[in-house]
2 protein chains.
Amino acid sequence: MHHDGELTHPAVDDFDLVEVLQALGDPVRLQIVRILDAGAGAIACHEMGLPVSKSTGSHHLKVLREAGVVKGKIDGTRRYYTLRRTDLEARFPGLLDSVLHADAVATARNR
Amino acid sequence: MHHDGELTHPAVDDFDLVEVLQALGDPVRLQIVRILDAGAGAIACHEMGLPVSKSTGSHHLKVLREAGVVKGKIDGTRRYYTLRRTDLEARFPGLLDSVLHADAVATARNR
DNA sequence: GGAATCATTCGACGAACGTCGAACGTTGGA
DNA sequence: TCCAACGTTCGACGTTCGTCGAATGATTCC
């Protein structure tokens with residue numbers, strides 16, 4: 001069957017700073033963002049190796065998606081996710097980069 | 001009279017990204033950061049005109065302080081707060097600026 | 001068609017959060 | 001000395017959050 005049920009995503013103008021900061025302010029979700037940043041191309045939920053159950057992982061992806069941080073694409077039974085780099089940069093210049101770089105620094109420091 | 005009770009603040013190396021993002025991910029706390037950014041010099045809690053009770057305001061200042069976002073200085077019965085700009089920039093380069101700028105844009109847009 | 005795969009949704013649970021008013025401790029001024 | 005001002009702390013409250021397993025839905029493969 002064909003279900004053209006595309007996932008819903010907020011428009012760039014509807015991004016909310018508090019919502020984005022809350023979305024990024026969780027260890028698991030920050031890990032997801034880091035994975036999507038490091039990976040080349042779209043990544044499916046089950047390929048991320050998250051330290052939570054699949055339902056929890058799905059929940060976190062939903063939070064990130066509704067905040068505008070990630071974009072989900074349906075492909076069969078899978079959802080491939082990517083970072084909305086350009087959109088985030090347009091709405092909150094420098095924010096994603098600073099978060100990713102800060103996170104990389106922290107990771108290197110605690111190694 | 002004597003006042004050896006200095007407020008405690010985390011060292012720059014102990015800043016935690018998730019904690020900072022969570023601290024910034026609240027409307028009232030973001031308002032406090034905006035006020036401290038706009039104001040020249042230290043500002044006391046009761047001068048901020050926060051839309052919450054004094055106990056709630058005190059709580060939010062504590063969250064920001066323990067995350068390393070603000071620095072509190074005791075002066076008599078008052079606590080004067082400032083942004084830890086330099087420390088935040090050293091630990092999370094560009095983060096505070098991007099949050100403040102994004103916030104300013106959002107505020108101008110919803111005017 | 002049937003089974004396996006992938007992900008979402010649905011309760012449920014405890015923990016954490018934002019909020020308040022009241023009480024308290026300090027300090028400074030009349 | 002007494003009182004007003006400022007802020008913190010304490011309990012309480014309702015809400016939201018992160019988590020899980022089970023159930024459900026959708027799709028692909030055999």
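All chains are named by letter (A, B, ...) in the order of the sequence lines, taking the proteins before the strands, and each is independently numbered beginning at 1. The figures that follow rest on heavy atoms only: side chains count, while hydrogens, waters and symmetry mates do not.
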Side-chain heavy-atom pair B/Thr82, B/Leu36 within 4.5 angstrom cut-off: no
Considering only heavy atoms from C-beta outward, does the side chain of A/His9 approach that of A/Val70 to under 4.5 Å? no
Pairing of A/Arg85 and A/Asp37 as salt bridge, 4.0 angstrom limit: yes
Do B/Val33 and B/Val99 come close enough that some side-chain heavy atom pair is under 4.5 Å? no
Atom pairs, N/O to N/O, protein against nucleotides 13-16 of chain C, distance under 3.5 Å?
none

Rounded to the nearest angstrom, tell me the gap between atom CE in A/Met48 and atom C1' in C/dA7. 12 Å
Would you say the side-chain atoms of A/Arg79 pair up with the backbone N or O of A/Ile43, donor to acceptor, closer than 3.5 Å? no
Could I get the full list of side chain to side chain contact (heavy atoms under 4.5 Å, CB included) partners for A/Val52, not counting sequence neighbours? A/Val28, A/Leu50, A/Thr56
Could you tell me whether B/Asp13 and B/Arg91 make a salt bridge, using a distance below 4.0 angstrom between a side-chain N and a carboxylate O? no
Between B/Gln22 (side chain only) and A/Asp26 (backbone N and O only), is there a donor and an acceptor less than 3.5 Å apart? no
For nucleotides 2-21 of chain D, give me one character per nucleotide, 5' to 3': B if any protein heavy atom sits under 4.0 Å from the base, S if the only such contacts are to the sugar-phosphate, - if neither. ---BBBBB--------SBBB
